[in-house]
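One structure below.
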Amino acid sequence: QVQLVESGGGLVQPGGSLRLSCAASGTIGIINSMGWYRQAPGKQRELVAVIIRGGSTNYADSVKGRFTISRDNAKNTVILQMNSLKPEDTAAYYCNVLVRLGTYWGQGTQVTVSS
């Protein structure tokens, strides 16, 4: 099985930045993709950004130009650098890892953007 440990959430003012990290451990094998999703109260969980095996990335339109996803394959870690944060970015952020035998989720880390 795979365990995911997230860190980096917190409270920031609009225009500020946060850096989220997710480290995977356990019987990982080949990772097909690593990504970040978010869920605000009363809303569905949505894709924020994903990076696949070949290095290609996809972003939600709402975060393009502000967020950057990256990975450290040696450490099985995915990073989400969030800049120019807006109140509408407020949500619980979940790390996701897709391996051959299944999908794994982190516990969630809260990001709150407020003045």
Side-chain angles (χ1 to χ4, degrees):
Q1 67 173 345
V2 177
Q3 292 182 314
L4 305 178
V5 179
E6 304 175 18
S7 63
L11 173 65
V12 296
Q13 296 184 9
S17 297
L18 284 174
R19 184 179 177 90
L20 305 183
S21 297
C22 175
S25 62
T27 306
I28 300 172
I30 296 175
I31 297 175
N32 292 320
S33 68
M34 304 183 77
W36 290 92
Y37 292 71
R38 66 187 181 188
Q39 187 169 23
K43 301 186 69 175
Q44 296 290 320
R45 188 173 298 186
E46 65 176 353
L47 174 69
V48 177
V50 62
I51 184 165
I52 62 176
R53 286 180 63 190
S56 298
T57 57
N58 291 308
Y59 296 90
D61 288 341
S62 60
V63 307
K64 285 183 177 179
R66 300 188 296 120
F67 292 9
T68 302
I69 189 169
S70 61
R71 66 187 179 190
D72 184 335
N73 290 330
K75 297 180 179 180
N76 292 319
T77 298
V78 60
I79 304 295
L80 185 67
Q81 178 66 46
M82 304 185 294
N83 299 324
S84 302
L85 284 161
K86 304 175 180 179
E88 51 263 44
D89 296 317
T90 296
Y93 283 70
Y94 297 88
C95 177
N96 172 265
V97 174
L98 177 62
V99 298
R100 189 178 72 86
L101 295 179
T103 300
Y104 296 87
W105 294 92
Q107 80 283 0
T109 184
Q110 180 67 37
V111 171
T112 301
V113 185
S114 176
S115 59

Exercise. Quick one: CD on Glu6 to CD on Gln107, what's the gap to the nearest 0.5 Å?
Worked result: 4.5 Å
Problem set entry | Qualifying disulfide (SG to SG under 2.5 Å) pairs with a residue from residues 67-106, counting only residues at least two apart or across chains | Cys22-Cys95
Exercise. Within a strict 4.5 Å, meaning less than it, do heavy atoms of the Val113 and Lys86 side chains meet?
Worked result: no
Exercise. Is Thr77 reaching over with its side chain to a backbone N or O of Ala23, donor-acceptor style, under 3.5 angstrom?
Worked result: no
Problem set entry | side chain to side chain donor-acceptor pair (under 3.5 Å) partners of Gln110, counting only residues at least two apart | Thr112
Exercise. Is there side-chain contact between Val97 and Thr103, with heavy atoms separated by less than 4.5 Å?
Worked result: no
For this session: Using ring pair (Phe, Tyr, Trp, His ring centres under 6.0 Å) as the criterion, list what pairs up with Tyr37, not counting sequence neighbours.
Result: Trp105
Exercise. Hey, is the main chain of Gly9 close enough, under 3.5 Å, to the side chain of Thr109 for a donor-acceptor pair?
Worked result: yes
Exercise. Does CD in Glu88 sit with more than 12 non-hydrogen atoms of other residues, nucleotides or ligands closer than 6.0 Å?
Worked result: yes
For this session: Taking the side chain as every heavy atom from C-beta outward, state whether Pro14 and Pro87 have any atom pair closer than 4.5 Å.
Result: yes
Problem set entry | Non-hydrogen side-chain atoms of Ile31 and Val2 separated by less than 4.5 Å | no
For this session: Answer whether the closest heavy-atom distance between the side chains of Phe67 and Leu80 falls below 4.5 Å.
Result: yes
Problem set entry | Residue pairs, two or more places apart or on separate chains, that pass salt bridge (Lys or Arg N to Asp or Glu O under 4.0 Å) and touch residues 40-58 | Arg38-Glu46
Problem set entry | Partners passing salt bridge (Lys or Arg N to Asp or Glu O under 4.0 Å) against Arg66 (at least two apart in sequence or in another chain) | Asp89
Exercise. How would you list all residue pairs meeting disulfide (SG to SG under 2.5 Å) that involve residues 39-79, not counting sequence neighbours?
Worked result: none
Exercise. Going from CG on Leu98 to OG on Ser33, what distance comes out if it is rounded to the nearest 0.5 angstrom?
Worked result: 4.0 Å
Exercise. Any donor-acceptor pair under 3.5 Å linking the side chain of Tyr59 with the backbone of Ile69?
Worked result: yes
